[in-house]
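Just so it is clear, the model here is predicted, and its values are computed rather than measured. Just follow the structure's listing: the first ligand is 1, and inside any ligand the first atom is 1.
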Amino acid sequence: MKILVSVKRVVDFNVKVRVKADGTGVETANVKMSMNPFDEIAVEEAVRLKEAGVATEIVVVSCGAQACQETLRTALAIGADRAILVETNEELQPLAVAKLLKKVTEKEQPGLVILGKQAIDDDANQTGQMLAALLNWPQATFASKVKISSGKAEVTREVDGGLETLSIKLPAIVTTDLRLNEPRYVTLPNIMKAKKKTLEILKPDALGVDVAPRLTTVKVVEPSKRKAGIKVPDAKALVDKLRNEAKVL
Ligand code: AMP
């Protein structure tokens with residue numbers, strides 16, 4: 001079985017994100033970029049499935065600017081076999097990405113597509129669901145455990161009340177949650193090997209996808225600053241403030 005994994009290049013999770021002065025978005029110039037953490041988990045899961053003899057080939061795909069090649073090389077160093085960049089300098093919204101991934105899925109015919117549950121830059125949590133709808137494939141989102149057997153995926157999901165286990169027929173879409181696995185560190189020999197793996201470049205036009213944004217960002221603002229706290233002399237004063245000032249009791 002072939003597995004297709006999508007990887008997005010995002011601002012590194014350790015970076016303190018700054019909003020652009022004109023409020024049109026966040027600053028990405030001269031900022032450390034990395035693979036979306038949920039996508040790292042997706043690549044790791046695919047590699048584990050290959051190591052377990054369930055998968056035979058792992059193809060990673062990223063949509064965006066030329067610099068996404070770096071993210072794809074990281075995925076190849078984790079253990080993916082081949083990479084595809086759908087190259088564009090346009091701003092890509094989840095629907096456009098889902099349409100591009102649909103075309104790549106139709107071309108590659110994987111038995112399973114694994115995506116992150118959300119990208120930590122737009123926090124949209126939409127692409128996997130949209131892709132499942134466009135392909136009319138079953139989906140299991142927020143996976144914390146995946147088991148593949150006899151043409152089916154058994155997927156455990158963390159829900160409010162506990163753990164839910166779904167059985168879905170392959171081919172299917174799975175999106176990863178944080179507890180699915182802990183991605184391995186990329187080793188230097190694997191980084192070197194990754195440089196020799198195939199990286200194909202496609203263009204949205206050639207795939208027949210119009211990636212024009214459908215949504216307009218009205219404005220982006222920084223979260224409001226927290227006010228400084230105060231010290232209260234004793235528990236009685238605290239209860240009084242909670243009751244009469246904060247009115248939470
Ligand atoms: P989102 O719906 O934007 O929160 O993203 C959910 C998941 O979709 C991400 O974790 C990625 O696996 C995938 N994805 C979103 N945007 C891209 C992109 N530009 N290139 C590749 N994968 C993407």
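Counting the atoms of ligand 1 from 1 in the order shown, those under 4.0 Å from a heavy atom of Asn125 are 1 (P), 2 (O), 4 (O). For ligand 1, the atoms lying closer than 4.0 Å to a non-hydrogen atom of Ala124 are 1 (P), 2 (O), 3 (O), 4 (O). Those atoms of ligand 1 with a heavy atom of Val7 less than 4.0 angstrom away are 20 (N), 21 (C), 22 (N). Of all the atoms in ligand 1, the ones that sit under 4.0 Å from a non-hydrogen atom of Ser6 are 11 (C), 12 (O), 13 (C), 22 (N). Residue contact check: Asp122 has heavy atoms under 4.0 Å from atoms 1 (P), 3 (O), 4 (O) of ligand 1.
Looking only at protein heavy atoms, the nearest one to atom 1 (P) of ligand 1 is Thr127 OG1, 3.4 Å. From the protein, the heavy atom lying nearest to atom 16 (N) of ligand 1 is Lys8 CD, 3.3 Å. When hydrogens are left out, the protein atom nearest atom 20 (N) of ligand 1 is Cys63 N, 3.0 Å; that is the closest non-hydrogen contact. The protein heavy-atom contact nearest to atom 6 (C) of ligand 1 is Gly116 O, 3.5 Å.
The shortest N or O to N or O distance between Ala119 and ligand 1 is below 3.5 Å. Not a single N or O atom of Gly64, backbone or side chain, sits closer than 3.5 Å to an N or O atom of ligand 1. The N/O atoms of Leu101, backbone and side chain alike, include none that comes under 3.5 Å of an N/O atom in ligand 1. Considering backbone and side-chain N/O of Asp39, one or more are found under 3.5 Å from N/O of ligand 1.
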Would you sort out whether Lys8 and Asp121 count as a side chain to side chain contact (heavy atoms under 4.5 Å, CB included), showing the intermediate values?
-> CA-CA 10 Å; Lys8 185 177 188 186; Asp121 53 359; 3.1 Å; yes

Test Met192 against Lys195 for side chain to side chain contact (heavy atoms under 4.5 Å, CB included), laying out the working first.
-> CA-CA 5 Å; Met192 300 314 285; Lys195 290 188 182 175; 4.3 Å; yes

Evaluation steps, side chain to side chain contact (heavy atoms under 4.5 Å, CB included), between Leu112 and Ile3 | CA-CA 5 Å; Leu112 180 66; Ile3 302 181; 4.2 Å; yes

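Applying the salt bridge (Lys or Arg N to Asp or Glu O under 4.0 Å) rule to Lys103 yields no partners; only residues at least two apart in sequence or on another chain are considered.
When Val159, Thr156, Val155 are each tested for a side-chain contact (heavy atoms from CB on, under 4.5 Å) with Glu164, only one passes: Val159.
Comparing Leu72, Asn36, Val97, Val113 by heavy-atom distance to atom 23 (C) of ligand 1, the nearest is Val97.
Residue pairs meeting the side chain to side chain donor-acceptor pair (under 3.5 Å) criterion with at least one partner in residues 198-210, sequence neighbours excluded, are Lys107-Glu200.
Under the 4.0 Å criterion applied to side-chain N and carboxylate O atoms, Arg184 and Glu51 are assigned as salt-bridge partners.
Side-chain atoms of Glu108 do not come within 3.5 Å of backbone N or O of Val59 as any donor-acceptor pair.
Nearest heavy-atom pair across Pro110 and Trp137 is O-CH2, 3.7 Å.
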